[in-house]
*Asks:* 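Mind having a look at this structure? Questions to follow.
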There are 2 protein chains.
Amino acid sequence: MVTNSRLEEILERLEKADGLEGLQSSIVSLRDEFAIDHLVYHWVDSLGAHSGVGTYSLEWRQKYEQQQFHRVDPVILGCYQRFHPVDWKQLDWSTKAARHFLRVATEYEVGNQGYSVPIRGPNGQFALFTANHTCSDEEWSAFIEEHRRMLVLIAHYFNEKALELEPDRAPEAAQNLSPREVDAMTLLAMGYSRAQVADTLSISEHTLRVYIESARFKLGALNTTHAVARALSRGLIVV
Amino acid sequence: MVTNSRLEEILERLEKADGLEGLQSSIVSLRDEFAIDHLVYHWVDSLGAHSGVGTYSLEWRQKYEQQQFHRVDPVILGCYQRFHPVDWKQLDWSTKAARHFLRVATEYEVGNQGYSVPIRGPNGQFALFTANHTCSDEEWSAFIEEHRRMLVLIAHYFNEKALELEPDRAPEAAQNLSPREVDAMTLLAMGYSRAQVADTLSISEHTLRVYIESARFKLGALNTTHAVARALSRGLIVV
DNA sequence: TTTTCACTCCCCAGAAATGGTGAGGTATCG
DNA sequence: CGATACCTCACCATTTCTGGGGAGTGAAAA
């Protein structure tokens with residue numbers, strides 16, 4: 001068991017960790033500390049590619065990427081819609097794809113129990129911190145009850161570190177949309193046509209187009225749908 | 001000073017808090033516990049409207065809303081771009097609007113020292129948990145060094161509670177998309193035109209349209225952009 | 001004071017998306 | 001075994017979006 005006083009120590013060490021290697025060795029020793037099978041921190045980017053640190057085997061990570069499991073992985077799909085940390089048992093494993101995924105995962109020595117903390121950062125950054133183990137439901141519940149707060153805190157420390165290491169992640173963040181551009185993007189994301197948006201905002205459709213185009217330019221988007229998608233995932237608009 | 005053992009107690013109490021009133025009374029007693037001027041949890045929606053709980057005076061909250069201070073408040077603007085909790089001293093108070101805002105805030109008995117934890121949830125939800133006080137820089141630094149981890153954890157507990165109280169924020173029962181529909185929505189969200197998507201997926205554009213339309217139907221969307229926006233904010237696709 | 005930026009308005013022509021309808025094959029689930 | 005869901009292809013006419021232009025105001029920043 002990891003006591004509260006150990007938490008201080010762990011976080012101190014984590015704060016001093018340097019580079020990806022530092023994070024990797026931190027997560028390994030943390031895994032040992034918790035005495036569980038796996039501990040993983042990773043984030044998901046636009047292509048579904050995963051990067052991060054953790055104790056999953058190389059084979060499993062390769063298999064995961066090669067099979068594009070992020071599209072069916074209930075952990076990713078489920079956590080993306082939640083704020084709360086989630087026990088894997090609460091997820092929906094009923095689809096065929098999910099069951100297949102689970103079966104393959106087991107072959108690669110991924111434990112049957114899991115607890116994942118979703119983490120969100122600026123610009124739609126999304127990451128997961130996952131504890132994984134093989135044991136009974138009761139044992140796992142006890143473990144989670146004991147450690148969930150600590151896991152949340154550690155998850156956030158990992159993400160802070162990861163964001164420090166990846167300045168690429170937020171390069172063109174500075175481009176904020178003007179209020180009118182936000183209005184336009186928001187209404188478009190709500191399904192309004194350009195004519196309806198212009199009407200709602202009480203401006204001409206021509207003017208509206210200027211906003212859409214300047215928003216598209218700022219967001220580096222290829223078309224309106226792309227601009228709305230980017231604005232959404234960067235958290236610039238809320239629908 | 002709030003000890004680590006008190007933290008457990010505080011979080012236990014918070015978890016049992018019921019409704020907005022429960023959160024409000026929790027935050028007041030937490031403020032007393034920390035012995036600081038103010039403690040505030042609030043979230044910001046697309047229109048800039050604020051809701052939440054805290055110990056700022058009604059007058060200040062009204063003034064803030066009426067003056068639309070969220071558009072110039074360096075705390076909001078600064079935290080929106082970051083993941084890390086931030087000491088108000090690190091923010092950019094140099095613009096004229098910011099200085100004016102600070103002057104008015106002081107009139108309304110907002111303290112000179114602040115520490116804000118940005119929190120992000122699904123659908124671009126954004127919230128802030130702020131500790132505010134009047135004291136010297138040294139005293140404040142000591143307070144933060146002592147309590148920042150606790151503040152992060154409490155911030156997240158408040159947000160969990162707030163999300164529970166706001167079912168509007170939770171995505172509606174998500175009817176899931178078929179793999180091909182996910183492919184289509186994903187590529188559209190990446191800015192591809194229909195022709196490009198069809199080409200990428202090696203299907204005819206006619207077939208692609210069937211996917212788009214059935215996705216639109218499932219998502220209750222009015223057009224493609226709307227469908228992509230909904231798929232994104234429901235976490236059905238990741239871009 | 002000059003420059004920058006947000007906001008507003010206008011035209012045109014070609015490219016792209018949409019709405020409605022129809023049809024056939026293959027899995028999977030109960 | 002039948003219902004259901006998924007994947008694939010096609011046509012038509014109409015609406016909507018897009019990519020180029022150009023121009024003037026006022027407020028704020030340098």
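The shown structure was predicted, so the numbers you read here are calculated from the model rather than taken from an experiment. Residue numbers begin at 1 in each chain, while the letters A, B, ... track the order of the sequences.
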*Asks:* Counting side-chain heavy atoms from C-beta on, which of D:dT8, D:dG20, C:dC9 comes nearest to A:Ser204?
*Replies:* C:dC9
*Asks:* Please confirm whether A:Tyr115 and A:His133 have ring centers closer than 6.0 angstrom.
*Replies:* no
*Asks:* Nearest-nucleotide wise, let me know which of B:Leu208 and B:Asn223 is further upstream toward the 5' end of DNA chain D.
*Replies:* B:Leu208
*Asks:* C:dA6, OP1 or OP2 - any side-chain N/O from A:Lys218 closer than 4.0 Å?
*Replies:* yes
*Asks:* For the side chain of A:Arg216, starting at C-beta, report the closest nucleotide among D:dG19, C:dC9, D:dC9.
*Replies:* D:dG19
*Asks:* Of B:Thr225 and A:Arg99, whose closest DNA chain C nucleotide lies nearer the 5' terminus?
*Replies:* B:Thr225
*Asks:* Kindly check if the number of other-residue, nucleotide or ligand heavy atoms within 6.0 Å of CZ (B:Phe143) is above 12?
*Replies:* yes
*Asks:* Give me the residues of residues 196-203 of chain B where at least one heavy atom lies under 4.0 Å from an atom of DNA chain D, by number, or none.
*Replies:* B:Ile203
*Asks:* Measure CE/B:Met185 against C1'/C:dA17 and give the value in whole Å, please.
*Replies:* 13 Å
*Asks:* Under 4.0 Å, heavy atoms only, any strand: does A:Leu188 hit a base, just the sugar-phosphate, or nothing?
*Replies:* nothing
*Asks:* Is it true that A:His156 and B:Phe83 have ring centroids separated by less than 6.0 Å?
*Replies:* yes
*Asks:* Between A:Glu213 and A:Arg209, is there a salt bridge with N-O shorter than 4.0 Å?
*Replies:* yes
*Asks:* Taking CG from A:Leu177 and P from C:dA6, how many angstroms apart are they, rounded to a whole number?
*Replies:* 10 Å
*Asks:* B:His206 has a side chain; which of D:dC11, C:dG19, D:dC7 sits nearest to it?
*Replies:* D:dC11
*Asks:* Name the residue closer to the 5' end of DNA chain D, choosing between A:Glu205 and B:Tyr211 according to the nucleotide with the nearest heavy atom.
*Replies:* B:Tyr211
*Asks:* Sequence neighbours excluded, which residues qualify as ring pair (Phe, Tyr, Trp, His ring centres under 6.0 Å) partners of A:Phe69?
*Replies:* A:Trp60, A:Tyr64, A:Phe101
*Asks:* Does A:Thr224 make a side-chain N or O approach to OP1 or OP2 of D:dC17 shorter than 4.0 Å?
*Replies:* no
*Asks:* Closest heavy-atom contact between A:Ile237 and A:Val228?
*Replies:* CD1-O, 4.3 Å
*Asks:* Compare side-chain N and O positions of A:Arg209 against OP1 and OP2 of D:dC17 and report whether any pair is under 4.0 Å apart.
*Replies:* no
*Asks:* Just compare C:dC7, C:dT8, C:dA17 and give me whichever is closest to any side-chain atom of B:Ser193.
*Replies:* C:dA17
*Asks:* Could you give the CD1-to-C1' distance, from B:Ile212 to D:dT16, as a whole number of Å?
*Replies:* 15 Å
*Asks:* With heavy atoms under 4.0 Å as the rule, sort B:Thr207 into base, sugar-phosphate or nothing.
*Replies:* base
*Asks:* Under 4.0 Å between a Lys/Arg side-chain N and an Asp/Glu carboxylate O for A:Glu15 and B:Arg148?
*Replies:* yes
*Asks:* Nearest to the side chain of A:Arg180 - C:dT8, D:dC11, C:dG19?
*Replies:* C:dT8
*Asks:* Without decimals, in angstroms, what is the distance between B:Glu213 CD and D:dA10 P?
*Replies:* 16 Å
